[in-house]
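As the structure is a computational prediction, the values presented were derived from the model and not from experiment.
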Amino acid sequence: MPHHALEITLTRPLTAAELRHAAHAWPLAANHDATCLMALAGAKPPERAAHRLRQRLTSRLPIDVITTHYPDARGHVLLNVALPPDIHTALERDARRAGLTPERFVREALHRALAEHADRETDRLDRVVRQLLASTTAAHLLSAVGHALTRPLKGPTP
């Protein structure tokens, strides 16, 4: 049976006691501030592994989302989210109206949202580059970009 590396994002940091309590139900590794955990789960499909993990830990942890840590052969990452009953009902209704499964409906909506975000980011960068080119030459800008990319980042990126 294959094992899947699963990442658990929590809604809040865990206390040391909460982490110990959860680790009794499933072996876990926590990040530095206990807001993200890693687990291995055995199951053929990753969906079943994530489902088993959620079933076992929901009562012990404030789970926000569970994802596969590594993308599959198509580059996809599984996203396991527990929705409140009213949201789940609305999602099923909207998916049925669209002639899709709820999973397919969410997948397509997510792809659309990510594509729109990428388009907005491309437009934003285009505007910034044009502003920079208004006050310098393309050669100077390209040199500055190359210089910036070869230096380590200091601090978080926007």
Is there a path of hydrophobic side-chain contacts, each under 4.5 Å between heavy atoms of I/L/V/M/F/W/Y residues, joining Ile8 to Leu78?
no
Side chains of Arg151 and His147: any donor to acceptor distance under 3.5 Å?
yes
Is any NZ, NE, NH1 or NH2 atom of the basic residue among Asp126 and Arg130 found under 4.0 Å from an Asp or Glu carboxylate oxygen of the other?
yes
Using only atom types and a distance under 3.5 Å, with no angle test, would you say the side chain of Arg52 pairs donor to acceptor with the backbone of Gly42?
yes
Residue among Leu37, Thr9, Asn80 satisfying side chain to side chain contact (heavy atoms under 4.5 Å, CB included) with Ile66:
Asn80
Let me check something: do Leu83 and Val65 share a hydrophobic cluster, defined by ILVMFWY side-chain heavy atoms less than 4.5 Å apart, either directly or through other members?
yes
Leu100 and Leu91: same hydrophobic cluster, using ILVMFWY side-chain contacts below 4.5 Å?
yes
Working to the nearest 0.5 angstrom, can you tell me the gap between Leu6 CG and His69 NE2?
10.5 Å
Can you establish whether the number of heavy atoms outside His76 located under 6.0 Å from its atom NE2 is more than 12?
yes
Indicate the atoms forming the closest heavy-atom contact of Ala43 with Ala49, along with that distance.
CB-N, 3.5 Å
What distance separates Thr101 OG1 from Glu92 CD, expressed to the nearest 0.5 Å?
10.5 Å
Has His4 got a side-chain atom pairing as donor or acceptor with Lys44's backbone, closer than 3.5 angstrom?
yes
Whether the side chain of Ser135 engages the backbone of Leu132 through a donor-acceptor N/O pair (distance < 3.5 Å, no angle test) should be reported.
yes
What about Leu125 and Leu114, same hydrophobic cluster or not, with Ile/Leu/Val/Met/Phe/Trp/Tyr joined at side-chain heavy-atom distances under 4.5 Å?
no
On a heavy-atom basis, the closest approach of Arg54 and Ile63 is NH1-CG2, 3.6 Å
Quick test of your reading of the model: are Glu108 and Arg104 salt-bridged, counting only N-O distances below 4.0 Å?
yes
Over 12 non-hydrogen atoms of neighbours within 6.0 angstrom of CZ in Arg48
no
For Leu28 and Ala22, work out which heavy atoms get closest and say how close.
CD1-CB, 3.8 Å
Nearest-0.5 Å distance, OG1 of residue Thr58 to CZ of residue Arg56:
11.5 Å
Side-chain heavy atoms nearer than 4.5 Å, only ILVMFWY residues, links allowed to pass through others: does that put Ile87 and Phe105 together?
yes
Check whether Asn31 reaches the backbone of Cys36 with its side chain - one donor and one acceptor, N or O, closer than 3.5 Å.
yes
Correct closest heavy-atom pair for Leu133 and Ala138 would be CD2-CA, 3.7 Å
Show the nearest heavy-atom pair for residues Pro46 and Thr68, with the distance to one decimal.
CB-CG2, 3.7 Å
Would you check if the side chain of Arg60 reaches a backbone N or O of His21 as a donor-acceptor pair within less than 3.5 Å?
yes
Between Thr89 and Pro85 (side chain of the first, backbone of the second, donor and acceptor by atom type, cut-off under 3.5 Å), is there such a pair?
yes
Apply side chain to side chain contact (heavy atoms under 4.5 Å, CB included) to the pair Glu47 and Glu103, showing each step before the final yes or no.
CA-CA 11 Å; Glu47 295 86 356; Glu103 293 81 7; over 6 Å; no
